[in-house]
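Since the structure comes first, as C-alpha cells, the remarks are kept for the end.
Along the sequence shown, residues carry numbers from 1. Order of appearance sets the numbers: ligands from 1, and atoms from 1 within every ligand.
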Amino acid sequence: MSLKQNLTDLKTHLARFNEQPLGHMINGRIQPVAGKTFANIAPMDEAEINLVACGTVDDVDRAAQAATQAFENWRGLDGSKRRSILHRIADGIEARANEMALVESWDTGQALRFMSKAALRGAENFRFFADRAPDATNGLSLPAPDHHNFTVRQPIGPVGVITPWNTPFMLSTWKIAPALAAGCTVVHKPAEWSPLTASILADICVEAGLPDGVLNTVHGSGEVTGSALTEHPDIAAIAFVGETRTGSMIMRQGAQTLKRVHFELGGKNPVLVFADADLKRALDAVCFMIFSLNGERCTSSSRVLIQKGIYEEFTQAIAARARNLVIGHPLDPATEVGPLINRRHLDKVTGYFDLATQEGATIAAGGRQGQVPPQGCFVAPTLFTDAKNEMRIAQEEIFGPVLCAIPFDDETDAIQKANAVRYGLAAYAWTRDLGRGHRLARNLDAGMIWINSENNRHLPTPFGGMKNSGIGRDGGDYSFDFYMETKNVCMTLDQHSVPSLG
Ligand code: NAD
C-alpha cells in the first residue's frame, strides 16, 4: 500500500458519492434527494467530497414508521436466523474493509493505519453480537418457596442511534449490532461531519438480506434530524455517543416521550505514572493514547499525572516523541497524525494553546510554533507542562493531540487529582506495585480502569463512563440490558394460600 495507490483506490470508491447527493436509506431503499443538501468536506484539502441530504422531520418520521412496521417480524424471527444475517453483514464489511478504511480515513482525517483496523473491528462487533442473538431473550431462574420466578427479555422496540464523527463506523456498529441482535429495529443518524461509511453500512445490510426497515439511516444536522429522532413517539430508546452538552439536550428532548437513554459522552481521562513504573512501556502507552486517532478519541489519556521525582525526565521524553511524530496525509501508510476533522474544530483546539499560555502553563512541544503541513486542518502534537489540575486546559475536553502534564506527590495526591474533574470515562495507571494497582482500581472514579495497559478492549466487558461521561454500559450482556426489557414471570406451585376476600 502506497499513498499513490491509496489515492487511486479512493477515487474509485468516491465516484458513486459524486454522482448524486447522498440520500437516506429508508425501508431498504435509498431515497431520492429532492430537498436541501449540505456539503461534506475533506479535512485534508478542505474541498467538498460530496453533497448529503438534510434529513427533515418528515424523513425521520418515515424512517421511524418503517422501523416500527419492521419491528414485529424482526423480533419474531428466530434468533439463529438473526445470527446468520448479522454474520453476513460482517462478511460484507470484511469484503469491503479496504474501501471502508480509505473512505473513512478521507472523510475524518484519521490516519489510515488506525482506520483499517476500525473497519475490521466493526465486523467483529457484528460477529460478537450475532453469536449472542439466539440467547438474548434468556433470563434468570429465581425460585421462591411457593412460586417459581423466571425472567425473560424482549426487545424494547425501534431505537434511535446517534453517533459522532471521530471513529464513526466502529462506533455505529458498536450500537447497531447489539440492537439488531436483540431484535430491535434501528433509525441511525450519523454525524454530519463524516457521513459516508454509515451509508456504506446501510448498503451492506441490504445486500446481506437484512429485511426492509430493520436499519434506516437518515442524514442531517443534530438540531433538526437528531432532535426529531429523540422526540419521535415511536422510538423507544436513544443510544447516543457524543458530547456531554448534547447528551443533556437529548435528555431534555426525550423527556416528553420518556425515552430510555444510553449516553457515551466526553472524557478528560487521567493516566497516572508512578516512579516505580516500567517507564518505557508507560511512555509508549501515554503517547499512543493521546496521539493516535489525532487525539480525537473519547478514551484518550489527555491528562498525564506524573510523580514528582520523574516529572522532568518523563515530560522531556513525551516532548521528544511528540516532535518526532509523522504528521501528514491520512492515506499515507507512514502517517501517525492526520488533519483534524474541520477548521471549526481546529480553531477550538488551537484556542487552547493561547489559553495554556494565559493560564501560566508552558508549551513544551507543538503549539502554534509546531511544524505542520501548510494545507489542511493540521495541528502539531502538543504537550503542556507546568500545568495545574484546576486550569481549564486540565479540566476541559480538548479532543485533539494535546496532552496536559501535571505533577503529583504520592498516591493520595494522584487519586485526588485524577478524580477532580467532572468526567469519569477512563483512567490509566502505571506502577509495579501490585497492591497500589488494586487500590487505584478501587479509588479512581471512572467507568473503565486500565492498570499497566492502554485501552485494550475485550468485547464482553462493560464499556462506558460515570459522572459527566455517560449513563449505561455497552459490551456483552450489558448492551442487551439497554436494548431489551426484562420481564419477570411468577408461577405458583399451587401450594400457597391465596387470600380470600368477601
Ligand atoms: P456531538 O455531540 O456534537 O454530536 C454527536 C451526534 O449528535 C452527531 O450526530 C450530531 O449531529 C448529533 N446531535 C447534535 N445535537 C443534537 C441534538 N440536539 N439532538 C440530537 N442529536 C444531536 O459530538 P461530536 O463532536 O460529533 O463528537 C465528539 C464527542 O463525542 C466528544 O465529546 C467525545 O468524547 C464523544 N465521544 C464519546 C465516546 C464514548 O464512548 N464515551 C466515543 C466517541 C466520542
Judging by distance only, is a nitrogen or oxygen of [X] under 3.5 angstrom from one on ligand 1?
{"X": "Glu192", "result": "yes"}
{"X": "Thr230", "result": "no"}
{"X": "Asn166", "result": "no"}
{"X": "Thr246", "result": "yes"}
{"X": "Ser221", "result": "no"}
{"X": "Thr244", "result": "no"}

Does a salt bridge link Arg260 with Glu485, judged by any charged N lying under 4.0 Å from a carboxylate O?
yes
Is Lys268 paired with Glu396 through a side-chain N to carboxylate O contact shorter than 4.0 Å?
no
Which ligand 1 atoms, with their elements, are less than 4.0 angstrom from a heavy-atom of [X]?
{"X": "Ile162", "value": "6 (C), 7 (O), 9 (O), 12 (C), 20 (C), 21 (N)"}
{"X": "Leu425", "value": "41 (N)"}
{"X": "Gln253", "value": "17 (C), 18 (N), 19 (N), 20 (C)"}
{"X": "Val241", "value": "5 (C), 36 (N), 37 (C), 38 (C), 39 (C), 42 (C), 43 (C), 44 (C)"}
{"X": "Pro190", "value": "9 (O)"}
{"X": "Phe463", "value": "40 (O)"}
{"X": "Cys298", "value": "34 (O), 36 (N), 37 (C), 38 (C), 39 (C), 40 (O), 41 (N), 42 (C), 43 (C), 44 (C)"}
{"X": "Gly226", "value": "19 (N), 20 (C), 21 (N)"}

Structural part of [X] in contact with ligand 1, heavy atom criterion under 4.0 angstrom:
{"X": "Leu229", "value": "neither"}
{"X": "Thr163", "value": "backbone"}
{"X": "Phe399", "value": "side chain"}

Among side-chain atoms of [X] and [Y], is any donor-acceptor pair under 3.5 angstrom?
{"X": "Ser221", "Y": "Glu192", "value": "no"}
{"X": "His188", "Y": "Thr163", "value": "yes"}
{"X": "Gln31", "Y": "Arg62", "value": "yes"}
{"X": "Lys467", "Y": "Ser469", "value": "no"}

Candidate with minimal heavy-atom separation from [atom], of [options]:
{"atom": "atom 43 (C) of ligand 1", "options": "Thr225, Ile238, Leu171", "value": "Leu171"}
{"atom": "atom 41 (N) of ligand 1", "options": "Val161, Thr167, Leu293, Leu265", "value": "Leu265"}
{"atom": "atom 35 (C) of ligand 1", "options": "Gly242, Gly254, Pro164", "value": "Gly242"}
{"atom": "atom 13 (N) of ligand 1", "options": "Ser302, Gly222, Gly267", "value": "Gly222"}

Identify the closest protein heavy atom to atom 34 (O) of ligand 1: which residue and atom is it, and at what distance?
Glu397 OE2, 2.5 Å
Write out the residue and atom name of the closest protein heavy atom to atom 25 (O) of ligand 1, then the distance separating them to 0.1 Å.
Trp165 NE1, 2.8 Å
Shortest non-hydrogen contact between Lys175 and Asp474, atoms and distance:
NZ-OD2, 2.6 Å
Run the side chain to side chain contact (heavy atoms under 4.5 Å, CB included) test on Leu22 and Leu51 for me, step by step, so that the C-alpha distance in whole Å, both residues' side-chain angles and the decisive distance to 0.1 Å come before the verdict.
CA-CA 6 Å; Leu22 186 60; Leu51 292 173; over 6 Å; no
Evaluate the 4.0 Å heavy atom contact test for atom 4 (O) of ligand 1: does a protein atom fall under the cut-off?
no
